[in-house]
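Structure first, then comments.
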Amino acid sequence: MALPETEDFLSQTGKVTLGLARLLLSYRQGERLPRMVDVARRLRAGNGTVQEAFSYLTRAGAIVVAAHGSQGSVLEQVDYPLLWRYAGNEWVIGSMPLPYTLRYEGLATALYDRLEASGLPFNMTYQRGSLSRAEMVRQGHYHYAVMSLLAAEHLVGRYPELAIVTSLPPGSYVSEHILISRLPREQIRRVGVDQTSLDEILLTAEEFRERQDWESVPARRLQVLDLLREGQFDAIIWNREGVGSLPPDLRLLPLQGEERLRVLATQAAIVALREAPVYQVLTSIFAPEEITSAQQEVLSQRRLPRY
């Protein structure tokens, strides 16, 4: 990619080009652009300099602007990753759960593929708990976070500054959630819940919604089975693929809560700040069809995980 030399960006045209690229990152492909005079006023530059900046970005292949007469100009084509670079940005940083299942490994591989294809430098971190990952996005430490669509929809409803960049089909996040219990269902009273996992919080509340005789007990993820067998709680909701062979005194029970919520909890989603300059960049990178295809290749063992 042909980025401008440092001395170019020290010029007035270079500074305006940088400002214009940052401005255009907030526009969707196909969206009408402001009048040239309004852009110039916003960038505190002359019309001629702004026109030069538009021409520079066009020649570089970052944008294609089409004039539509009295209707103004339209941002017809955008290479968002390239525009991101011209706006003075580089790294794209995000987070997802630790890839401890083949399904997560497939998802990590697919995201790695898409980020690598963008040509941008990137870093994927692995962090427990959708609440923690979402908070890192809200604080500006990560550009995006991966979680279930159930968690994503709940968080977007709670925090309007968040938005869903993309969502994937059922089974893209987990195959299903199940209830691990040491007692028959009707005898369950104390339910362990990982307080960093919004999926566990929401699914547990839904599973026992019609019962008044139960209580939530904070559970540490790394010691769940030991705590369960010791009687610290009676049951806990878990990712089915994360459960190995169980001791004979524990049993797996299917969830009986609302099916819609159970399905949403199996779908992967990516969230980011709605007004962040990187939002359109992420939308262009994370094409759901490409992600799903790469993940399925890993799940069917037609390719090795790479992340």
Is the backbone of [Y] close enough, under 3.5 Å, to the side chain of [X] for a donor and an acceptor to pair up by distance?
X	Y	value
S26	L23	yes
T17	T13	yes
Y80	Q29	yes
T109	R306	yes
H143	G94	no
W84	E90	yes
R138	L162	no
R103	G171	yes
R182	F233	yes
T266	V263	yes

Taking all non-hydrogen atoms of both residues into account, name the closest pair between [X] and [Y] and its distance.
X	Y	answer
Y126	P97	CD2-O, 3.5 Å
R133	Y142	O-CD1, 4.2 Å
L107	A268	CD2-CB, 4.0 Å
V271	A152	CG1-CB, 3.6 Å
A145	A134	CB-N, 4.4 Å
P81	L120	O-CD2, 3.5 Å

Residues sharing V298's hydrophobic cluster, by side-chain heavy-atom contacts under 4.5 Å among ILVMFWY, directly or via others?
L102, L299
Check which hydrophobic residues are tied to V37 through side-chain heavy-atom contacts below 4.5 Å, counting indirect links as well, and list them.
none
Is there a path of hydrophobic side-chain contacts, each under 4.5 Å between heavy atoms of I, L, V, M, F, W or Y residues, that connects [X] with [Y]?
X	Y	result
Y112	Y100	yes
I236	L179	no
Y27	L282	yes
W238	L183	no
V174	I180	no

Between V217 and Q232, is a side-chain contact (heavy atoms from CB on, under 4.5 Å) present by the stated rule, with each step listed?
CA-CA 8 Å; V217 179; Q232 296 293 320; 5.7 Å; no
Charged N to carboxylate O under 4.0 angstrom, E215 versus R190?
yes
So does E259 pair up with R262, basic N to acidic O under 4.0 Å?
no
Working to the nearest 0.5 angstrom, can you tell me the gap between [X] [atom1] and [Y] [atom2]?
X	Y	atom1	atom2	value
R209	Q212	CZ	CD	11.0 Å
R22	N89	CZ	CG	6.5 Å
E135	Q127	CD	CD	10.5 Å
I63	L20	CD1	CG	6.0 Å
M96	M147	CE	CE	11.5 Å
N47	E52	CG	CD	12.0 Å

Residue pairs passing the ring pair (Phe, Tyr, Trp, His ring centres under 6.0 Å) test where at least one lies in residues 168-223, sequence neighbours excluded:
Y104-Y173, F208-W214
Applying ring-ring contact (aromatic ring centres under 6.0 Å, His included) to Y159 and not counting sequence neighbours gives none
So, using ring-ring contact (aromatic ring centres under 6.0 Å, His included) as the criterion, who are the partners of Y279 when residues are at least two apart?
none
Among V193, T196, D194, find the one that has a side-chain contact (heavy atoms from CB on, under 4.5 Å) with I201.
V193
Is it true that atom [atom1] of [X] has more than 12 heavy atoms of other residues, nucleotides or ligands lying nearer than 6.0 Å?
X	atom1	answer
R35	CZ	no
R32	CZ	no
Q187	CD	yes
R274	CZ	yes
R158	CZ	yes
E275	CD	no

Taking side chain as C-beta onward, heavy atoms only, is L155 less than 4.5 Å from L131?
yes
side-chain contact (heavy atoms from CB on, under 4.5 Å) between R185 and E207, worked out:
CA-CA 11 Å; R185 187 184 298 271; E207 187 69 12; 2.9 Å; yes
Counting only pairs under 3.5 Å, give me each side-chain donor-acceptor contact of residues 245-258, with atom names and distances, residues two or more places apart or in other chains.
| unit_1 | atom_1 | unit_2 | atom_2 | d |
| --- | --- | --- | --- | --- |
| D249 | OD1 | R229 | NE | 3.4 |
| D249 | OD2 | R229 | NE | 3.2 |
| E258 | OE2 | R260 | NE | 3.2 |

Are K15 and L18 close enough, and set up right, to give a side-chain contact (heavy atoms from CB on, under 4.5 Å), and what steps lead you there?
CA-CA 5 Å; K15 294 174 184 176; L18 184 115; 5.7 Å; no
Taking it one step at a time, do L83 and V78 satisfy side-chain contact (heavy atoms from CB on, under 4.5 Å)?
CA-CA 8 Å; L83 195 62; V78 193; 3.9 Å; yes
